[in-house]
Amino acid sequence: MTIKTITKNIKASIQNSLEQFDINLSKEALNLSPPKQESFGDLSSNIALILAKQIKRNPLEIAEKVCQDLINSNIDYIDDITVTPPGFINFLIDKKFYQDNLKLIIKNGVEFGKDLSVKKRTANVEFVSANPTGPLTVGHGRNAVIGDTVSNILEWHGYDVTKEYYYNDAGKQMRTLGKSVEARYYELLDKPFEFPEDGYQGDYIIEIAKSIINHYGKELEKEDKKFLSYAEKIIFKQIKNSLNSLRIQFDTFANEKSFYESGAIKKLLLDLEEKKLIYEKENATWYKATAVGASQDKVYIKSSGEPTYRLPDTAYHRDKVDRKFDLIVDIFGADHTDTYPDVLSALNALDINTEHIKILIYQFVTLIKNGEKVKMSTRRADFITLDHLIDELGLDIVRYFFIMRSMNTHLDFDLNLAKDQSDKNPVFYLQYAFARICNVIRHGENQGFEFSEEFDSSLLNEVSEIKLLKLMANFPVMMKTTLKTLEPQTVANYLQDLASSFHKFYGNCKVITEDKKLSHARLGLIHGSKIILSTGLTLLGISTPEKM
RNA sequence: GCGCCCGUAGCUCAGUAGGAUCAGAGCGUAUGCCUCCGGAGCAUAAGGUCACAGGUUCGAAUCCUGUCGGGCGCACCA
């Protein structure tokens, strides 16, 4: 028995009762939600208010009637049903349910809350996808952590997730990188050089040039391909290292070049041409985006003969659809807001279904250092790297700070603050709850209290105990909404609540006491809390220290 | 100018896809609590016309319109 089944039972009973009113209602209309005020119970229905208008009767009257039917139908684990103005029907769940549920949590462990009845599904999550032109920045960090956490959430729900990194290795950015390295190479050798106007100015370019001298000597010709290929290799290695230090690993890497080589891009153009969505103008090849609702047409191939990013991106997404994932997720920065509709519209024009593609857009990170905004640009090498951030703060804090806020609000990341306040950091609040539990368990063992599943959970009746039990029972509900919205921050908020409830319980109730039965019951309670805290923290990629 | 996101306590933000005479946390401020399983904690207090103005309805921080303010896009850059 879970909250879900209780909800289902209530809904069914309401539906039965409603038959007397001779009305057809949509499934969504029947909605049960926890009331804000605890005194109203655990679940409440607003169905009477909704119906009042339709059948032109007093909502209170309807509610009373339905309520009476519900009481008569004796729903499992429902202790009390009441009606309050203006017409809510409130359900009080028997505390026995929460007490029993604790046993379930302990029995199922990390599996608690999973819907094991759904069949295996697959998902592709594309994230980071930074071109290897320089070290990852703070902005990429938000992308990386969101992507990885979303992947974890999907995996928890039974998805087989492919984490994918896509990069453009054929475009202008990469050519500029090659030229920048080349210029530094000749500069180091005191030979004439020309630094590209929009070249990458960071010191790391110089380091790469030095390394090239060590590896390939001083005699490289102009425009040697090694400048770029070597730089790409080095930078990619650095990127992977940065990601590893956030405990992020990718399953596959996709690159632009492969879509030229496989002919996918040519095919895409031909297919779109057949749909009359391609035309030539001023020597360039255009995609007729206006034909599918966009405000202007977009260039696919520049007059220089070089495709814009849009073309390979579209071929790439077509490829992802072809790979038959049940769900495709893209994590993009706000600067991509206007680009993905073109990709999707082109696919739709080719009768390719894109309903299972979810685009998650996150707003930018503003880094604040010494009270000032740090403006970041890879090209000008004016940035704080992700590595720097991890070194300063540690990966747990970095990960947590990146997902603790809703992704559609801007994130002010105050470096000084995050560092100075590390003592009172929300991350430590969570980890401390976990460590505290471990400590009590250790203490119990020292006193001869071995944890056993055979405890009497009905002894858990204190307000703070019931509150903790309720939150724990709500974990699966929270996970379900998270799956729907794919907003990792709901998990973080939930864990804050859970930790807070635990700390309050800890302040109120002593676990290890003279009363052996009660001590065992409370050991059960903290074991359950430990399981859920651990599951949640693991989803967020944050460590669970037994001691701090 | 057009499009997308945002505006909630001094600061940083939650607010579960309209709910209920308390709009919630953390930080900061003020005051309590360790002879007692870890005080990185707990309790209490102060702090708000949910940017502003209209509208939709039984009911709005949440939906619609407009205004003001901030961010990001609007390239034959990615």
Tell me which of N508(A) and V299(A) sits closer to the 5' end of RNA chain B, going by the nucleotide each one is nearest to. N508(A)

Nucleotide U57(B), atom C1' - distance to CG of N46(A) in whole Å: 14 Å

Would you mind classifying the nucleic acid contact of N439(A) as base, sugar-phosphate or nothing, using non-hydrogen atoms under 4.0 angstrom? base

Would you check if F502(A) and R436(A) make a side-chain contact, meaning some heavy-atom pair closer than 4.5 Å? yes

Per nearest nucleotide of RNA chain B, the residue lying toward the 5' end, T481(A) or E306(A), is T481(A)

To the nearest angstrom, the CZ-P distance between F332(A) and A78(B) comes to 15 Å

Using purine N1 to pyrimidine N3 plus N6-O4 or O6-N4 for Watson-Crick, or N1-O2 and O6-N3 for G-U wobble, each under 3.5 Å, what pairs with U29(B)? A45(B)

Classify the nucleic acid contact of S303(A) as base, sugar-phosphate or nothing, counting any heavy atom under 4.0 Å across all strands shown. base

Measure distances between side-chain N and O atoms of E282(A) and base N and O atoms of C76(B), and say whether any donor-acceptor pair falls under 3.5 Å. yes

Consider the side chain of I512(A), meaning its heavy atoms from C-beta on, and name the nucleotide among C72(B), A40(B), C37(B) that approaches it most closely. C37(B)

Ring-plane angle category for F332(A) and H336(A), please: parallel below 30°, perpendicular beyond 60°, tilted otherwise. parallel

Applying a 4.0 Å non-hydrogen cut-off, can you work out what Y429(A) is touching in the nucleic acid: base, sugar-phosphate, or nothing? sugar-phosphate

What's the gap between U62(B) and G19(B) when it is taken at their P atoms, as a whole Å value? 11 Å

Hey, would you say the F364(A) and H410(A) ring centroids sit under 6.0 Å apart? no

Rounding to an integer number of angstrom, what distance separates A25(B) and C2(B) when you compare their P atoms? 41 Å

Base paired to C13(B) (Watson-Crick or G-U; both N/O distances under 3.5 angstrom): G24(B)

Give Q489(A) one of three labels, base, sugar-phosphate or nothing, depending on what nucleic acid heavy atoms sit under 4.0 Å from its own. sugar-phosphate

Applying a 3.5 Å limit to both distances, which nucleotide forms a Watson-Crick or G-U wobble pair with U35(B)? none

Using the C1' atom as the reference point in each nucleotide, state the distance between A17(B) and C22(B) in Å, no decimals. 24 Å

Quick check on C5(B): syn or anti? Syn means the glycosidic torsion is within 90 degrees of zero. anti

Measure the shortest side-chain to side-chain distance between S45(A) and F91(A) over non-hydrogen atoms and say whether it is less than 4.5 angstrom. yes

Separation of L498(A) atom CG from A25(B) atom P, in whole Å? 16 Å

Rounding to an integer number of angstrom, what distance separates C34(B) and U8(B) when you compare their P atoms? 39 Å

With both distances under 3.5 Å as the test, what is the Watson-Crick or G-U wobble partner of C52(B)? G66(B)

Which part of the nucleic acid does H503(A) contact within heavy-atom distance under 4.0 Å: base, sugar-phosphate only, or nothing? sugar-phosphate

Look at all strands and tell whether N90(A) reaches a base, only sugar-phosphate, or nothing, counting heavy atoms closer than 4.0 Å. base

Please check if atom NZ in K114(A) has more than 12 non-hydrogen atoms from other residues, nucleotides or ligands closer than 6.0 Å. yes

Over how many whole Å does the gap from I437(A) atom CD1 to G38(B) atom P extend? 13 Å

Using a 4.0 Å heavy-atom cut-off across all strands, classify Q296(A) as base, sugar-phosphate, or nothing. sugar-phosphate

Check: T485(A) side chain, A17(B) base, donor-acceptor under 3.5 Å: no

Measure from CG on D335(A) to C1' on C5(B) and round the result to the nearest Å. 13 Å

Between F253(A) and F236(A), how do the two ring planes meet: parallel, tilted or perpendicular, split at 30° and 60°? perpendicular

Rounding to the closest angstrom, what is the interatomic distance between C11(B) and C58(B) at atom P? 38 Å

Would you say the ring centers of Y166(A) and Y316(A) fall short of 6.0 Å from each other? yes

Kindly state whether the pair F88(A) / A20(B) counts as stacked, where counting means centroids closer than 5.5 Å and planes tilted less than 30° apart. yes

Suppose you measure atom C1' in A9(B) against the same atom in A14(B); what distance do you get, rounded to whole Å? 13 Å

N/O (side chain, K504(A)) to phosphate O (OP1/OP2, G41(B)) under 4.0 Å: no

What is the nucleic acid contact for T308(A), judged by heavy atoms within less than 4.0 Å: base, sugar-phosphate only, or nothing? sugar-phosphate

Does C76(B) have OP1 or OP2 under 4.0 Å away from a side-chain N or O of Y309(A)? no

Length of the CG-C1' vector between N446(A) and C37(B), whole Å: 10 Å

Is there a Watson-Crick or G-U wobble partner for C2(B) with both distances under 3.5 Å, and which nucleotide is it? G73(B)

Please answer whether the main-chain N or O of C509(A) pairs with a side-chain N or O of R522(A) as donor and acceptor at a distance below 3.5 Å. no

Under the 6.0 Å and 45° cation-pi test, does R310(A) pair with Y300(A)? no

Interatomic distance where CG belongs to D342(A) and C1' belongs to G73(B) [whole Å]: 12 Å

With syn defined as a glycosidic angle within 90° of 0 and anti as everything else, classify A17(B). syn

Ranking C37(B), G15(B), A20(B) by distance to the side chain of H443(A), first place goes to C37(B)

At 4.0 Å (heavy atoms only), tell me whether C509(A) reaches a base, stays on the sugar-phosphate, or touches nothing. base

Scan K547(A) against the nucleic acid and name what it touches under 4.0 Å (heavy atoms): base, sugar-phosphate only, or nothing. base

Could you work out which one of C37(B), A78(B), C13(B) sits closest to the side chain of R405(A)? C13(B)

A14(B) OP1/OP2 closer than 4.0 Å to side-chain N/O of T409(A): yes

Quick one: does L523(A)'s side chain get under 4.5 Å of I512(A)'s, heavy atoms only? yes

P gap between C13(B) and A51(B), integer Å: 15 Å

Proximity to the side chain of N408(A) - top-ranked nucleotide from C6(B), G71(B), G38(B): C6(B)

In whole angstrom, give the distance that lies between atom CD1 of I278(A) and atom P of C76(B). 15 Å

Work out how far the P atom of G10(B) is from that of G3(B), and round it to whole angstrom. 33 Å

Quick note, T337(A) side chain, CB onward, closest among G41(B), C4(B), A78(B) is C4(B)

What nucleic acid atoms does S406(A) come within less than 4.0 Å of, heavy atoms only: base, sugar-phosphate, or nothing? sugar-phosphate

Minimum-distance nucleotide (side-chain atoms of N168(A) versus C6(B), A14(B), A78(B)): A78(B)

Classify the nucleic acid contact of R436(A) as base, sugar-phosphate or nothing, counting any heavy atom under 4.0 Å across all strands shown. sugar-phosphate

